[in-house]
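The structure under discussion is supplied below as C-alpha cells; questions concerning it will follow.
Indexing begins at 1, ligand by ligand and atom by atom, following the structure's order.
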Amino acid sequence: MNKTLLRLLAYCKPYTRIILAGLGFLFLSALAEISGPLLIKYFIDTRLAAGLWFVNEIGLFVLAYLSLQGIAAFSSYQQALLFSRAAQAIIKNLRQETFLAALRLPASYLDRHQTGHLISTIGNDTETLLQLYIQVIGQSIQKIVLLTGILGGMFWLNWQLACLCGLMMLATVVIMQIYQRCSMPWSRQARQCLSDLNHQLSETLQGIPIIQSLVQEKRFAEKFAVTNQQYLQARMKVLQLNGFLLRPMIDLLYIITLGSLLSWFALQGTSQIQVGVIYAFVSYMGRMIEPLNELTNQLTQIQQSLIAGERIFNLLDTEKEPSGTYQQPVQGNISFRKVNFRYQKDGELVLQDINLELQRGKMMALVGHTGSGKSTILHLLSRMYQVTSGDIMIEQHPIKEWDLKSLRSQIGVIQQDPFIFAGTVAENIRFGRTNISDDEIVQVLTHVQWFESMNPAEALSMPLQEGGKNLSAGQRQLLSFARALITHPPILILDEATANVDSQTEHHLQQAIASIRHQHAWLIVAHRLSTIVDADEILVLQHGKIIERGNHSALLAANKHYATLYQLQQMTLS
Ligand SMILES: Nc1ncnc2c1ncn2[C@@H]1O[C@H](COP(=O)(O)OP(=O)(O)OP(=O)(O)O)[C@@H](O)[C@H]1O
C-alpha cells in the first residue's frame, strides 16, 4: 500500500472506537442492501412463479423489504456521521501538528521556502485530507464492502454469471490503475499551482502599498492570471481523463456485462434459470454501477489527498533546529573563534575568520557597508543559523550545545523593522510571559520614552493592528526595545534599532542605554556612526571580514576605513 496512505491511516488510531462503530453500521447497511434482491428473488421463485398468492405473506414480504431498506438508509447515515466525526478530529490534530512544525522551522528552511506555500500546506492541504478520511475510510470501504457482498450474493445464485461480473470488476480495477497513473502528474501539478497561487496572494497582499505606488497592479494581475490559468488547465486535464477515459470505459464495461447477462438468460430460457435469479442479477448489476461510479469519482479526490499528504509529511519531516541540552544563566561572555559562515551549502562564504570577545557591561559595534555581514553575525549569535566552521562560545560553552529555548530567552533582539502582532501594546510587550506585571510594562515604556508620543493612561490598552500598521516606524522600534528590555536579558542585540526614531528620541534612548549599560553585553549594528562612538570596541567589516577594530578614537587615529566613513557622515550631516 502507498506509504503516505499508510501513514495517514495511522492517524486514525486514537479514533479506533468511533471508526469501529462506523464500520459496524457500514456492514449492516451493506448487508441490508444485499439482502433486498435476495428476498425479492425468493418471493418471485417460491411464490409468484408457483402462483401462490397469500395476502398475509405479501404484506410480510413488503414489510420485510421496506425494513431492510430502512435499516440500510439509517445505517448508512450513521456510518457517514461517525466517519465524518473521526475525520474532523483527525484533521484538527493534523492541522495543529503542521502549525507546530511550521513554528519550529529553522531559518534556513524559511529562506528556501515561500510563505504562501506553507500557508497552502497548513490551510488547503489539511482540508483536502478531510475528504480522504471521509471518503477512503468511510465511503470507499462502504462501497468495497457493498461490491464484495453483491459479488458474494451473485456467486450464491449462479457462479458462472458471478465470474462474468467478477471479471468486470477486475477490469474496472485495472482501468482505475491506468487512470491513476495518467492523472497523477496532473493532480500533482494542480496542487503545486494552488500552492503558487497562495504564495502570490500572500506576497501581493503584503506588498499592495508598493505595488500601488509603482503602478504595478496590471503586471501582478497578469502574473496571477498565468498561474490561475495553469491551475485550471491541470484541473481540466484531470477532469478530462476522468470524463474521457475512466467513466466511458467503466460504463462500456457495465453495458457489455449486462448485455452478456441478458443474452445468457435469453439463451438459457426461464425453464433452466429461475425468474427470481434473473431479477436478482439485474438488480445487483444496477446496484453495482452506483458504488463503482462513486469509487471512480473518489479516485480523483483520493489522489489529490495523497499528494496533499505527501506535502504535509514533507513539512512534518523537516529537520528541526538542532538543540543542545546545556542550560545555565548567561552572564554575557561571548566569543567568536575563527567563525566562517555560508547561508547555502554551495554558496559563498558570507563571513570569514571572525574573531571577537565580548563581556557583560561592554558594548561592541559592528559597522561596514551594506551586505558586509553585520546582521549575519547577529543571526549566528541568536542561533538562527549554525556556523559553517569555527566556534561561538557563550560562557565558554559551544553555542551548539546550549538548549535553544534557554539560550534565546536570555538574548534580547531589537530589530530595525520589528514585527508587531495584532493586540494591545501591553500584549505585545508581555508576549505570553504572564509573570510580567502592568507596572513593569509602564516602567519599561517610560524608560524607552514611549510616553513622549502617547498618553500613559491609554498606552497599555491601545489596540495595535496587524504588523503595527497604526504605529509609526519609530514607535514600532520603541515597542521592540520595551519588549526586549522587559526581561533584562544578559545579552542585547541591536540591529539598526534606532534607525527610525528622531534625533531627540534617539538621544533619550542613548541615555536609557547608558543607564543600564553595565547590566548587559551589547552587540550593536549601526549605520549612523554617531550612535556608537562610545562603544568599547568597533569592528569594521568588509565582504564578511573584519578589516579594522578598536575604539572610536583609536580608529580615527588610524585614519583608515572607519575614519573615512566617519568623516563622510560628518560632512553629510554638516
Ligand atoms: N537568508 C539569506 N540567505 C542567503 N544570503 C543571505 C541571507 N541573508 C543575507 N545574505 C547575504 O549575506 C551577505 C551579508 O548580509 P547581511 O545581512 O549580514 O549584511 P549587512 O552587513 O547586515 O547589510 P545591511 O547593512 O544592509 O543590513 C549579503 O551578501 C547577503 O546577500
Pairwise side-chain contact, Val226 with Gln230, heavy-atom cut-off 4.5 Å (strictly under): yes
Minimum side-chain heavy-atom gap Leu479-Asn428 below 4.5 Å: yes
Can a donor-acceptor pair be found between the side chains of Thr227 and Gln200 at a distance below 3.5 Å? yes
Heavy-atom gap Gly368 to ligand 1 smaller than 4.0 Å: no
Please verify whether a non-hydrogen atom of Phe341 lies at under 4.0 Å from ligand 1.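 Distance cut 4.0 Å: Phe341 fails for ligand 1.
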Count the heavy atoms belonging to other residues, nucleotides or ligands that lie under 6.0 Å from CD of Glu466, then report whether that count exceeds 12. no
State the atoms of ligand 1, each with its element, that fall below the 4.0 Å cut-off from a heavy-atom position in Val350. 12 (O), 13 (C), 14 (C)
For the pair Glu310 and Arg188, evaluate salt bridge (Lys or Arg N to Asp or Glu O under 4.0 Å) and give the outcome as yes or no after the intermediate values. CA-CA 10 Å; Glu310 271 172 27; Arg188 197 162 271 141; 3.1 Å; yes
Give the atom numbers and elements of ligand 1 that come within less than 4.0 Å of a heavy atom of Asp111.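 Heavy-atom distances to Asp111 below 4.0 Å select 1 (N), 2 (C), 3 (N).
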Does any N/O atom on Gly371 come nearer than 3.5 Å to any N/O atom on ligand 1?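 There is such a contact, yes.
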Do any non-hydrogen protein atoms sit less than 4.0 Å from atom 31 (O) of ligand 1? no
among protein heavy atoms, the one nearest atom 27 (O) of ligand 1 is Ser375 OG, 3.7 Å
Which atoms of ligand 1 sit under 4.0 Å from any heavy atom of Tyr385? 1 (N)
Give the residue and atom name of whichever protein heavy atom lies nearest to atom 10 (N) of ligand 1, and the separation in Å to one decimal.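 Checking every protein heavy atom, the shortest distance to atom 10 (N) of ligand 1 gives Tyr343 CE1, 3.3 Å.
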Is the shortest distance from a heavy atom of His369 to ligand 1 less than 4.0 Å? yes
Side-chain donor-acceptor contact under 3.5 Å, Thr325 with Asp403: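 Judged by distance alone, the side chains do not pair up.
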Mind checking whether Glu496 has a heavy atom under 4.0 Å from ligand 1?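 For ligand 1, residue contact (heavy atoms, under 4.0 Å) with Glu496 is absent.
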A student comparing Thr376, Leu378, Val525, Ile377 should find that the heavy atom closest to atom 15 (O) of ligand 1 comes from Thr376
Where is the nearest protein heavy atom to atom 26 (O) of ligand 1: which residue, which atom, and how far?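 Among all protein heavy atoms, the one nearest atom 26 (O) of ligand 1 is Thr370 CG2, 3.1 Å.
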With sequence neighbours left out, what residues match Glu427 under side-chain contact (heavy atoms from CB on, under 4.5 Å)? Thr424
If we number the atoms of ligand 1 from 1 as shown, the ones under 4.0 Å from a heavy atom of His527 are 25 (O)
Side chain to side chain donor-acceptor pair (under 3.5 Å) partner of Ser187, chosen from Lys237, Gln303, Gln192, Arg235: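 Passing option: Gln303.
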Validation row: Arg360, Arg517 side chains within 4.5 angstrom (heavy atoms):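 No, their side chains stay 4.5 Å or more apart.
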